[in-house]
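Encoded as structure tokens, the structure appears first; notes follow it.
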Amino acid sequence: MKKYISFALTSLIAFLACGQGPKITEEDGGKNSLIKETPLKEKNDPAATTIKTGAEQTEKYLPLLKGKRVGMVVNPTSVIGNQTSVDSLLKRGVKIQKIFGPEHGFRGDASAGVKIDDAIDTKTGIKAVSLYGKHSTPTAEDLADIDIMIFDIQDVGVRFYTYINTLQHVMEACAVNKKELLILDRPNPNGYLIDGPILDPQFKSGIGIQPIPIAHGLTVGEYAQMLNGEGWLKDKVKCKITVIKNANYNHDMEYVLPVKPSPNLNTAQSILLYPSTCLFEGTYLNHGRGTMFPFTIVGAPYLKGKFDFSFTPKSIKGMSETPLFQDQLCYGLDLRNYDTKKLRESKQVNISWLIELYNASPKKEDFFNSKLSKEMGTIERLVGVGDFRQQVIAGKSEKEIRASWEPGLSAYKKMRLKYLLYK
């Protein structure tokens, strides 16, 4: 693994306001000369040293690992300084027995939704067990030669981001097999945001298991406490957990990740827009997959004449091999230079973009029709409730739609307070 995975930051000085901007042409394969690739967090940036992740505080947990056979649930975000936590702990003499990889795999090179087989990690020679293939929960056999499990994965604070589901499955397996779970906590880059409807159980799926809003406002460590405390684990088992907290962190702090959390969240902008723009996965629109700007641009061929901004999705290995509207010119919104401070100020998921594009669409009957493409998801599973689709179709205002999220959202916010490790 590269010692630092470069994370593309957008320096879009010349871009115009939302919905307009230069065309991304087929010739540049979705790359644009105005995009400058730099490390996500510079070492000489004072803010870079303010927050210390749980993983970085090795002095707090190395004694817990002494003489034990260790399993690690990790991916490319599992870093200590400029190397993976696996490599770092191996050098410190920790006996790592197995590696467990979630969606996208341990090395992070598998596309979204692609099933992954067990393998031997070529760099370390350690067996890598896939939790996104034949099974999502570690088996008794997987855990037989392990004394303690470590969960060290960066989350982005959104219900449909699957790593918190992996956490739940790991907790259940550890509880049943009487294994300790050590959680190396990491900041939530969208920690300020608690918004969206509470998941209706009838829409439980691989992108949503528990009754939480779209943006849950928790770190992985806090969410683990909620899973235990609310009795949400299978058969209401309790997992013995130890959380190594982040130092110098609170939920209102801005946190720029040192490593991209998954192939299509490849810019700081995409991470901050993700709670809002991932909803486009449930619409007949391309939301940047097949370009280098996923979750920051959105459009479709049928919106020609409605919007000036255009782009052409291409097949990109490891990101999106068969994007919706592949090789077709799409027209729509360019949010790469959108001021995300507006999201922080509103503390709300932005649903106005989806409403705007629905209203502009000449193909309203197709807008939410997931049967049109295997690249589309179901809007109900993404939003988590059954009435959102009809609310948009009926022309309900954003205020009216938000009102329907109560009293569930307020009740969740109150319940959440019991599990906070940070302000």
Side-chain angles (χ1 to χ4, degrees), residues 18-19 112-113 158-162 195-209 211-215 264 273-291 294-307 309 311 313 320 322-326 328-335 348-405 408-409:
C18 171
V158 182
R159 183 180 65 221
F160 35 69
Y161 204 58
T162 63
D195 195 35
I198 302 301
L199 176 70
D200 184 326
Q202 69 175 306
F203 298 113
K204 286 176 64 173
S205 70
I207 55 171
I209 299 178
I212 61 174
I214 289 173
N264 284 287
L273 292 179
Y274 182 70
S276 303
T277 55
C278 189
L279 297 180
F280 286 114
E281 286 194 345
T283 69
Y284 196 43
L285 294 162
N286 178 289
H287 51 283
R289 290 192 186 273
T291 76
F295 300 106
T296 64
I297 59 177
V298 59
Y302 57 79
L303 291 176
K304 183 178 182 180
K306 303 283 187 177
F307 299 93
F309 172 70
F311 63 95
S320 182
T322 57
L324 183 60
F325 302 127
Q326 182 175 335
Q328 299 179 57
L329 194 58
C330 296
Y331 297 83
L333 300 179
D334 179 5
L335 303 175
Q348 293 181 337
V349 170
N350 188 311
I351 60 174
S352 66
W353 294 322
L354 188 149
I355 293 171
E356 176 186 0
L357 287 166
Y358 175 81
N359 290 336
S361 174
K363 294 179 173 286
K364 290 183 172 58
E365 68 279 6
D366 292 341
F367 195 80
F368 292 115
N369 187 359
S370 58
K371 295 179 181 179
L372 294 173
S373 172
K374 65 180 181 63
E375 299 300 323
M376 288 179 63
T378 305
I379 193 65
E380 285 77 14
R381 289 183 176 180
L382 283 157
V383 178
V385 291
D387 54 359
F388 181 78
R389 179 196 304 241
Q390 292 306 319
Q391 289 171 332
V392 174
I393 292 173
K396 297 288 186 182
S397 68
E398 184 175 353
K399 184 177 181 181
E400 289 174 311
I401 294 173
R402 288 188 174 281
S404 71
W405 300 348
L409 179 58

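Residues take their numbers from the sequence shown, with the count starting at 1.
- A heavy-atom distance below 4.5 Å is found between the side chains of Phe160 and Ile214.
- Here OG of Ser205 is found 7.5 Å from CG of Leu199. Values are rounded to the nearest 0.5 Å.
- When the shell of 6.0 Å around NZ of Lys364 is examined, it contains more than 12 heavy atoms from other residues, nucleotides or ligands.
- Partners of Asn369 by side chain to side chain donor-acceptor pair (under 3.5 Å), not counting sequence neighbours: none found.
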Without placing hydrogens or testing angles, list every side-chain donor-acceptor pair under 3.5 Å for residues 294-306, not counting sequence neighbours.
| residue | atom | partner | partner atom | Å |
| --- | --- | --- | --- | --- |
| Thr296 | OG1 | Phe293 | O | 2.9 |
| Tyr302 | OH | Tyr284 | O | 2.7 |

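- Between the side chain of Arg389 and the backbone N or O of Phe368 there is at least one donor-acceptor pair closer than 3.5 Å.
- Side chain of Asp195 to backbone of Val349: a donor-acceptor contact under 3.5 angstrom is found.
- Residues Pro197 and Phe388 fail the side-chain proximity criterion, which asks for heavy atoms closer than 4.5 Å.
- Using a 4.5 Å heavy-atom cutoff, the side chains of Phe367 and Leu354 are in contact.
- Across Gly290 and Ser320, no two heavy atoms sit closer than the pair N-CB, 3.7 Å.
- With sequence neighbours excluded, the residues satisfying salt bridge (charged side-chain N to carboxylate O under 4.0 Å, His left out) with Glu398 are Arg402.
- In terms of heavy-atom proximity, Met376 sits nearest to Leu372 at SD-CB, 4.4 Å.
- Contact detail for Ile401 and Ile355: the closest heavy-atom pair is CD1-CD1, 4.1 Å.
- Within the 4.5 Å cutoff, no side-chain heavy atoms of Gln328 are placed close to those of Asn286.
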Full working for side chain to side chain contact (heavy atoms under 4.5 Å, CB included) between Ile207 and Glu281: CA-CA 12 Å; Ile207 55 171; Glu281 286 194 345; 5.9 Å; no
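- Although no hydrogens or angles enter the test, the distance criterion places a donor-acceptor pair under 3.5 Å between the side chain of Arg159 and the main chain of Leu382.
- Here Lys371 pairs with nothing under the side chain to side chain donor-acceptor pair (under 3.5 Å) rule; sequence neighbours left out.
- Ser404 and Lys396 share no donor-acceptor pair across their side chains, judged by distance under 3.5 Å alone.
- Among all heavy-atom pairs drawn from Thr322 and Lys374, the shortest one is OG1-NZ, 3.0 Å.
- The salt bridge (charged side-chain N to carboxylate O under 4.0 Å, His left out) test applied to Glu375 returns no partner, not counting sequence neighbours.
- Residue His287 comes nearest to Phe280 through the heavy atom pair CB-CB, 3.8 Å, listed as atom of the first residue, atom of the second, then distance.
- For Thr378, the side chain to side chain donor-acceptor pair (under 3.5 Å) test picks out no residue, with sequence neighbours left out.
- Arg289 and Asn264 get closest at one heavy-atom pair: NH1-ND2, 2.9 Å.
- By the 4.5 Å heavy-atom criterion applied to side chains, Leu333 and Glu356 are counted as neighbours.
- In summary, the aromatic rings of Phe325 and Phe311 are positioned with their centroids too far apart to meet the 6.0 Å limit.
- To the nearest 0.5 Å, atoms CD1 (Ile351) and OG (Ser397) are separated by 8.5 Å.
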